[in-house]
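These notes are about the structure you will find just below.
Remember, it's a predicted structure, so these values are computed and weren't measured experimentally. Numbers here simply count residues along the sequence, with the first being 1.
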Amino acid sequence: MEPVTEDPIASDAEEAQMFADIKYPLLSFEKQIFIDAFEKEALVIMAKGINYNNIISNLLWIYRDPANLVLVINSSDHEEKYFTERFNLTPLPTLGADREKSYLEGGVHFVSTRILVVDLLKNRVPISHITGVIVLRAHTVLESCQEAFALRLYRQNNKNCMECGGQHHTGFVKAFSNSPISFTFGFYQVEKVMRALFVTELFLWPRFHGAVIQSLKSRQAHVEELHVPLTTNMSYIQTCLLDIINYTVKQLKSTNRTLDMQEITTENCITKKFHKILQSQLDSVWHQLSTRTKEYIQDLKVLRSMTVNLIHSDSVSFYSLVSKYRTPEYAKINSGWILLDSAEQLFRLSRGRVFNHKQEFDPEPCPKWKCLSDLLLKDIPDEIKKKDGNIYKTKILILCQDTRTCSQLNHYLTMGSNKYLFYTAFKRDVTVNAVSSKYSQLKKTMPTDNIKKEKPATNENNDDDNNDEEELNLDETKSNYVLTLTQVASQSYEKEDNDDESMFEPISQMDNLDITQLEMEKPIICIQTFKENGCNFSLEKTLEALRPEYIILYHSDIAAVRQIELYECRKKPEESETKVYFLIYDKTVEEQAYLTTLKREKLAFELLIQTKSVMVVPSYQDGKSEEYFNLNVEHDDNSVDTRKAGGQNQQKEKPVVIVDMREFRSDLPALLHKKGINIEPVTIAIGDYILTSEICVERKSISDLIGSLNSGRLYTQCTQMCRNYSRPILLIEFDQNKPFNLQGHFVSSTDTSGADVQQKLQLLTIHFPRLKLVWSPSPYATAELFYELKQGRKNPNVQEALALSGDSTADDMNYERYNILVHDFVQKLPGVTTKNLARIMNRGISLDHLITLPQEELQTMMENKHEADTLFSILHTKPKPIDSNKDEKHFGKKRLTGKLFRSKK
């Protein structure tokens with residue numbers, strides 16, 4: 001057979017036609033990615049900051065026609081909102097029957113994977129008519145997860161039909177990821193993900209790709225790097241902290257020589273992903289680690305938070321943080337670093353940054369503040385003068401890493417450094433006995449009453465160190481601020497900036513920043529985080545809306561730098577060049593962390609390029625032929641039984657397991673299906689899995705087991721199982737990434753230890769002698785166990801299972817109308833029972849609404865006075881402390897028995 005050659009002229013014409021259909025403009029390298037993704041079923045891995053939103057938008061634009069049915073799965077909430085607004089999509093209905101109509105109407109649908117799995121199993125989706133599935137955040141897809149399950153169900157019923165010579169329409173699968181580092185954890189990770197996605201092609205687009213470099217070089221922003229030197233004290237403190245981190249890492253490695261601690265280095269300790277590295281290395285052996293090792297790990301987190309705070313916080317906040325660790329209480333639980341000379345020097349220097357040699361309050365300002373003021377009040381206005389531009393039409397964007405820094409810069413620019421630092425000292429509860437001369441005037445003007453009122457909202461002093469970014473003050477949760485020059489400053493912006501006077505004033509503080517509504521009479525300064533509320537597209541949207549002439553990167557971030565590069569490339573030729581000021585502390589952990597992140601991404605891509613060059617992808621991996629499923633589904637032993645009428649072949653029915661709807665949050669249904677067991681999704685009241693008409697299984701994870709043992713829910717569930725099934729099983733399933741034991745640190749509940757759980761389980765087995773306890777190390781082991789239990793046994797009857805529950809008339813998917821977290825939370829409240837839960841969820845609007853309801857309305861809603869009283873009291877009655885006198889009597893009795901015992905002697 002001669003090879004079929006494509007006509008180059010025809011293919012060019014097709015390509016030109018395709019780009020004529022494109023709605024959203026693409027850069028040259030993005031066009032190449034789009035062609036690759038459009039023509040092939042592939043996994044596309046792109047560098048951080050090179051977002052795939054325009055490529056996805058154009059794909060969705062091409063398939064938006066109702067004649068197509070395209071499903072987008074595994075999107076984050078921000079991505080779903082972004083694309084839904086862009087294409088004006090209607091969300092899928094909550095009821096199953098309505099969703100079935102929506103699928104038949106075609107178009108593009110964003111669907112949660114759990115709902116899609118149930119709809120595929122219930123045959124609500126016209127699988128043969130699906131044009132394709134687009135998978136976002138592909139690095140999170142593993143063979144055991146729901147996305148892989150949905151894709152397997154889709155591929156099994158949407159593949160080449162051999163009877164019609166493979167002419168039957170086959171849907172596509174296209175997957176995108178922005179996280180190359182995620183593919184470097186574990187063995188053959190990228191091959192596993194590709195197998196789970198049913199794709200045969202891998203496209204890699206690092207920042208160092210030739211096409212990306214060429215495209216971004218066509219138009220570049222003018223970048224000015226400003227290396228800000230640290231103050232002498234800051235430099236010494238940084239050296240002390242790195243010494244202590246180095247010491248802790250060495251101690252950690254010397255006490256755990258058997259563990260693989262290759263990734264735990266001083267360099268990695270200062271990067272953002274350090275906790276994830278630590279967790280992935282030590283999670284499975286956590287229960288085997290000594291107390292000293294756990295102390296070292298905790299201290300590494302504390303030291304990392306100090307290092308980050310030294311660079312990002314002001315001197316007063318840093319001193320307040322460090323002071324928390326100079327206490328006898330912390331010394332007791334500390335691994336020993338607090339006794340080092342470097343630690344003593346750290347405490348002395350951090351105090352020296354706030355108080356002068358006379359012990360007067362005289363804190364040093366952040367070095368970057370002065371640099372920022374100079375840029376805003378001197379350099380940028382001077383540059384605008386040279387260009388003969390209008391300062392009143394200038395827009396400046398300042399980008400920070402977190403909301404705390406946003407708030408800090410907003411206060412600094414509106415209050416001035418002295419006033420802000422004085423205000424912070426009050427807020428952080430720093431003891432100030434004397435102040436230097438420049439602060440004496442401020443003492444009279446500070447609104448101390450207001451500050452005192454704010455103290456209860458300040459969680460700073462009580463927060464856990466590894467979560468220090470989560471515990472924010474109320475005024476530190478804003479992710480954007482808009483300022484302008486004050487009247488005085490706008491008249492004389494050439495003059496030297498006075499630290500005591502604020503040169504800026506707020507225009508407005510908005511949750512949803514709408515730049516178009518702002519007046520253009522004054523210069524606008526917008527302060528924003530790199531990712532507003534964790535949304536990757538927020539910076540891109542701000543750049544497009546604000547179109548700033550000047551961008552100041554107050555912190556360094558790879559993704560932000562690349563988004564600014566792309567923004568500059570997309571500008572029209574007549575638009576002026578953006579000037580970017582890159583503020584970075586010279587020779588510091590900030591610079592090192594930025595370079596480490598770059599290096600890690602580069603190494604990740606190099607590893608992926610190496611993997612791609614030697615990767616063997618079988619032709620059947622796309623799942624479009626029967627071969628894939630024949631190889632991947634286990635079959636029964638087909639040995640012939642000669643006792644049955646001369647060995648005639650018996651037609652075997654496929655094993656079926658009835659699975660409760662709520663169980664689709666776990667990995668087990670996916671793994672059962674992979675084993676070749678058919679899944680029947682039904683809402684059942686008794687048990688989670690019904691294997692046969694006799695065997696009923698209640699599955700519990702460790703956290704769920706502890707909760708239901710404490711609440712008594714498990715007793716009720718076991719009672720129901722034992723009444724209705726002859727072989728009830730309680731399956732206790734562990735996480736495959738966690739140790740397979742109940743002891744030690746693993747049980748995270750504060751009021752229950754491993755011993756308590758064992759005692760309660762013993763009581764359970766005494767009460768229910770027929771109840772079997774099964775311990776499983778992972779969902780994989782459970783799937784294997786279920787497969788063996790099904791051998792040679794008849795399948796369960798769905799109608800019988802529903803009849804036992806008494807809910808056969810209810811809509812299977814009714815529970816989907818509620819937020820799962822809220823549903824589970826309300827279920828655990830005192831006074832809420834299985835009878836009134838549905839009434840509360842249906843008649844209540846929200847948790848906020850439930851709290852405001854008077855007792856009479858609660859009674860009407862729940863239709864039971866006693867239960868309504870219980871719920872009302874738990875929501876509104878303030879808890880009282882335990883009477884201390886009772887305790888004294890209790891201990892008194894103990895002492896009395898002791899005396900009697902001694903007198904008998």
Side-chain angles (χ1 to χ4, degrees), residues 117 141-149 152 185-189 192 195-196 279-280 282-288 631-637 654-660 662-681 687-692 694-706 708-709 714 717-718 721 725 727-744 746-748 754 757-758 761 764-765 771-793 795-796:
V117 165
V141 176
L142 292 169
E143 62 175 348
S144 61
C145 72
Q146 297 294 317
E147 285 74 28
F149 187 14
R152 200 178 324 116
F185 295 111
F187 296 105
Y188 305 112
Q189 184 71 5
K192 284 179 188 170
R195 208 177 305 131
Q279 198 174 344
S280 65
L282 301 173
D283 231 0
S284 57
V285 290
W286 186 258
H287 66 295
Q288 296 170 2
L631 284 166
N632 282 279
V633 173
E634 294 183 27
H635 288 285
D636 298 331
D637 182 20
K654 222 175 171 201
V656 175
V657 169
I658 297 172
V659 181
D660 184 40
R662 287 165 287 265
E663 276 299 302
F664 282 93
R665 296 174 213 166
S666 72
D667 293 344
L668 189 52
L671 294 171
L672 287 174
H673 187 268
K674 198 164 186 280
K675 278 270 181 197
I677 297 171
N678 280 1
I679 304 292
E680 192 68 52
D688 293 326
Y689 298 86
I690 296 169
L691 306 186
T692 69
E694 297 176 339
I695 302 173
C696 175
V697 181
E698 179 69 39
R699 189 188 71 90
K700 295 283 179 194
S701 63
I702 296 300
S703 56
D704 194 16
L705 176 73
I706 293 165
S708 50
L709 276 172
L714 186 57
Q717 288 168 332
C718 291
M721 282 201 298
Y725 293 93
R727 292 187 179 181
I729 294 174
L730 173 63
L731 170 75
I732 300 163
E733 191 177 84
F734 288 75
D735 186 342
Q736 63 206 35
N737 300 318
K738 298 279 172 74
F740 183 40
N741 84 321
L742 264 178
Q743 282 78 40
F746 184 76
V747 178
S748 55
V757 172
Q758 288 169 18
L761 286 174
L764 203 67
T765 50
L771 181 71
K772 303 281 187 289
L773 293 191
V774 177
W775 301 80
S776 170
S778 71
Y780 289 89
T782 309
E784 197 73 47
L785 175 78
F786 281 15
Y787 186 77
E788 286 175 18
L789 285 172
K790 286 290 295 175
Q791 296 300 315
R793 290 189 170 93
N795 287 330

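- The only member of Val774, Val757, Asp704, Ile702 that meets side-chain contact (heavy atoms from CB on, under 4.5 Å) when paired with Ile732 is Ile702.
- The shortest side-chain heavy-atom distance between Leu761 and Leu705 falls under the 4.5 Å cut-off.
- Atom CD1 of Ile706 and atom CG of Leu714 lie 12.0 Å apart (nearest 0.5 Å).
- Between Arg793 and Glu694 there is no salt bridge, since none of the side-chain N atoms of the basic residue sits less than 4.0 Å from a carboxylate O of the acidic one.
- The shortest heavy-atom contact between Ser776 and Ala781 is OG-CB, 3.7 Å.
- Side-chain polar atoms of Glu733 and Thr782 form a donor-acceptor pair below 3.5 angstrom.
- A donor-acceptor pair under 3.5 Å is absent between the side-chain atoms of Asp688 and the main chain of Asp660, judged by distance alone.
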Steps toward side chain to side chain contact (heavy atoms under 4.5 Å, CB included) verdict (Ile695, Tyr725): CA-CA 6 Å; Ile695 302 173; Tyr725 293 93; over 6 Å; no
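- Distance check, rounded to the nearest 0.5 Å: CD1 of Ile679 to CZ of Phe149 gives 5.5 Å.
- Rounding to the nearest 0.5 Å places OG of Ser778 at 11.5 Å from CZ of Phe734.
- In this structure, Leu731 and Phe786 have side chains that are in contact, with non-hydrogen atoms separated by less than 4.5 Å.
- The CD1 atom of Ile729 sits 10.0 Å away from the CG atom of Leu773 when rounded to the nearest 0.5 Å.
- Note that CD of Gln146 is 7.0 Å distant from OG of Ser666, once rounded to the nearest 0.5 Å.
- Using a distance-only test at 3.5 Å, with no hydrogens or angles considered, no donor-acceptor pair links the side chain of Lys772 to the main chain of Arg727.
- For the pair Leu668 and Ala783, the tightest heavy-atom approach, listed with the atom from each and the gap, is CD1-N, 3.8 Å.
- Here the options are Val656, Asn795, Leu672, the test is side-chain contact (heavy atoms from CB on, under 4.5 Å), and the partner is Asn678; only Val656 passes.
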Criterion side chain to side chain contact (heavy atoms under 4.5 Å, CB included) on Met721 and Leu771, from CA distance to verdict: CA-CA 9 Å; Met721 282 201 298; Leu771 181 71; 4.0 Å; yes
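- A distance-only check finds a donor-acceptor pair linking the side chain of Arg152 to the backbone of Ala670 [under 3.5 Å].
- We find that Glu698 and Lys700 are joined by a salt bridge, their nearest charged nitrogen and carboxylate oxygen being less than 4.0 Å apart.
- For the residue pair Pro655 and Gly676, the shortest heavy atom distance occurs at CG-O, 4.0 Å.
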Derivation and outcome, side chain to side chain contact (heavy atoms under 4.5 Å, CB included), residues Tyr780 and Asp667: CA-CA 9 Å; Tyr780 289 89; Asp667 293 344; over 6 Å; no
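- Between the CD1 atom in Ile658 and the OH atom in Tyr689 there is a gap of 13.0 Å [rounded to 0.5 Å].
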Ile690/Val657 under side chain to side chain contact (heavy atoms under 4.5 Å, CB included): CA gap, chis, key distance, verdict: CA-CA 6 Å; Ile690 296 169; Val657 169; over 6 Å; no
